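Below is one structure; the comments refer to it alone.
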Amino acid sequence: MRIVMIGTGYVGLVSGACFADFGHDVVCVDKDASKVDALLDGRIPIFEPGLEALVAKNVEAGRLAFTLDLATALPEADAVFIAVGTPSRRGDGHADLSFVHAAAREMASHLREGTVVVTKSTVPVGTGDDVQRIIAEECPALDFHVASNPEFLREGAAIADFKRPDRVVVGVDSEEAERVLQEIYRPLTRNDSPLIIMSRRGAELTKYAANAFLATKISFINEIADLCEKVGADVRDVAKGIGLDERIGPRFLQPGPGYGGSCFPKDTLALLKTGHDYEAPLRIVESVVASNDLRKRAMGRKVVQALGGDTHGKTVGVLGLTFKANTDDMRDSPAISVVQALQDAGITVRAHDPEGMDQAKAVLSNVTYCSDPYEALDGADAAVIVTEWDAFRALDIERVKSLLSKPIMVDLRNLYSRGDMERAGFSYVGVGR
């Protein structure tokens, strides 16, 4: 199949490269000349394990190309995927669909008869109707189809998620759209990956519902962790005890400093707005959003408490800035709130992240960025682990102790054992333990 992918951000680039690896001919289009130039030069604008090699392989094979010129890419396309950004809109938290609408409007006059236009971006219920209306207004006589195909990619594991998905969700309102998408995903269905066909609106809502449910699990276990600290239980035991129930499952039951990233924060807000618009308020999701917002700042207070409440002249070494490991994404990272809470308390912050420091510099000022974790901890009054990078799981604990002015570790990801750390002479603070 001949595919055009509009947008070379995280979703568009990963999806385009994986489609090309399936054997389809893919052209990725973007308006950002610097980004397209970088891709043409073999440089990947995002950090995602395995993506650079996958892109290079398919460019060399002639199945993957990049261009600024949408008009030349579209006329031969069997399917056009819209994979542009849908950030939270200022004021009401709803998804900003201006890029989606602009893409629909721009593509209309270049589509050939029978093309399937697919929204890959995360969009609110009814966006497919908007796309169909916009294209029809621009070209009333054009025969085309609009479908929804939400992505379920985890940053840091996106290629594996795309190639070995739990499911592929497709929302269609025509047999031709269903046929084309079944053909595009045939390499997966041949390997028994479930392809779920539903209505377009059902597919749009499925994406938001999935992310809201996962965010709920995270906030739930974080609140249980707080209770564990009060009653003298270990949240790891509780999480295992409930996670082995197959109705619950063990994933997303690891307590920490709260969820962040490009999906959960904006998608929960957008779902709340949709609920309000349709007079179906989502009280549970409202509580999840509020709980997570409070959680991030509370982790800063946990560090202050570990320092004994006296923060005058104190320095803290922060390990990890991205919202999760194996990504350079700083969007809504819990580290932002943690660092700002420490700075508000008058604490000097030194920090290290394996991949995210360039992005962190754009959102966090007055931080000393260090080349490795030991430099960040040198002379600090406490070590604080915020992101669960593998590089932080096997620190030289004796070296850490020798570098710190006081042997205090606040482990917001529970990477270490309290017993081991206390035997090593540390004052250790975990989450829910």
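Values below: all heavy atoms of this structure, side chains included; hydrogens, waters and symmetry mates excluded. All values reported here derive from a predicted model rather than from experimental measurement.
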*Side-chain heavy atoms of Cys18 within contact of Leu54, under 4.5 Å*: yes

Identify, with sequence neighbours excluded, every residue that meets side-chain hydrogen bond (donor to acceptor under 3.5 Å, both in side chains) alongside [X].
X	value
Ser174	His145
Thr315	none
Glu106	Lys31

Is there a donor-acceptor contact under 3.5 Å from the side chain of [X] to the main chain of [Y]?
X	Y	value
Asp411	Leu415	yes
Arg350	Tyr369	no
Arg63	Ala20	yes
Gln359	Asp329	no
Arg200	Val172	no
Glu138	Met107	no
Lys207	Glu151	yes
Thr206	Gly202	yes

[X], [atom1] atom: more than 12 neighbouring heavy atoms under 6.0 Å:
X	atom1	answer
Glu113	CD	yes
Phe220	CZ	no
Phe99	CZ	no
Ile284	CD1	no

Could you give the side-chain donor-acceptor pairs of residues 234-244 under 3.5 Å, partners two or more places apart or in another chain?
from   : atom 1 : to     : atom 2 : distance (Å)
Asp234 : OD1    : Arg236 : N      : 2.9
Asp234 : OD1    : Arg236 : NE     : 3.2
Asp234 : OD2    : Arg236 : NE     : 3.3
Asp234 : OD2    : Arg236 : NH2    : 2.7

*Specify whether His352 and Phe392 have parallel, tilted or perpendicular ring planes, treating 30° as the upper limit for parallel and 60° as the lower limit for perpendicular.*
perpendicular

_In terms of relative ring orientation, are Phe81 and Phe19 parallel, tilted or perpendicular, with 30° and 60° separating the classes?_
tilted

_Step-by-step side-chain contact (heavy atoms from CB on, under 4.5 Å) determination, Glu286 to His276_ = CA-CA 11 Å; Glu286 286 178 359; His276 292 155; 3.2 Å; yes

_Derivation and outcome, salt bridge (Lys or Arg N to Asp or Glu O under 4.0 Å), residues Asp78 and Arg112_ = CA-CA 8 Å; Asp78 298 300; Arg112 67 177 181 83; 2.5 Å; yes

Are [X] and [Y] close enough that a side-chain donor and a side-chain acceptor fall under 3.5 Å?
X	Y	answer
Lys266	Thr86	yes
Arg297	Gln340	no
Ser193	Asn191	no
Tyr428	Arg433	yes
Glu155	Ser262	yes
Gln182	Thr189	no
Asp96	Ser98	yes

*Under 4.0 Å between a Lys/Arg side-chain N and an Asp/Glu carboxylate O for Arg2 and Glu76?*
yes

*Under 6.0 Å between the ring centres of Phe252 and Tyr259?*
no

Pairs under 3.5 angstrom only: tabulate donor-acceptor contacts from the side chains of residues 209-219 to other protein residues two or more places apart or in another chain.
from   : atom 1 : to     : atom 2 : distance (Å)
Asn211 : ND2    : Asp267 : OD2    : 2.7
Thr216 : OG1    : Ala212 : O      : 2.7
Lys217 : NZ     : Ile248 : O      : 3.0
Lys217 : NZ     : Gly249 : O      : 3.4
Lys217 : NZ     : Arg251 : O      : 2.8
Ser219 : OG     : Ala215 : O      : 3.4

*Would you give the length of the straight line joining atom CD1 of Ile336 to atom CZ of Arg331, rounded to the nearest 0.5 angstrom?*
11.0 Å

*Separation between CG of Leu269 and OH of Tyr208, rounded to the nearest 0.5 Å*: 10.0 Å

*Assess Arg167 against Phe152: is NZ or CZ under 6.0 Å from the centre of the six-membered ring, and within 45 degrees of the ring's axis?*
yes

*asked:* Can you pull out every salt bridge (charged side-chain N to carboxylate O under 4.0 Å, His left out) where at least one residue sits in residues 9-28? Sequence neighbours excluded, please.
replied: Asp21-Lys57, Asp21-Lys163

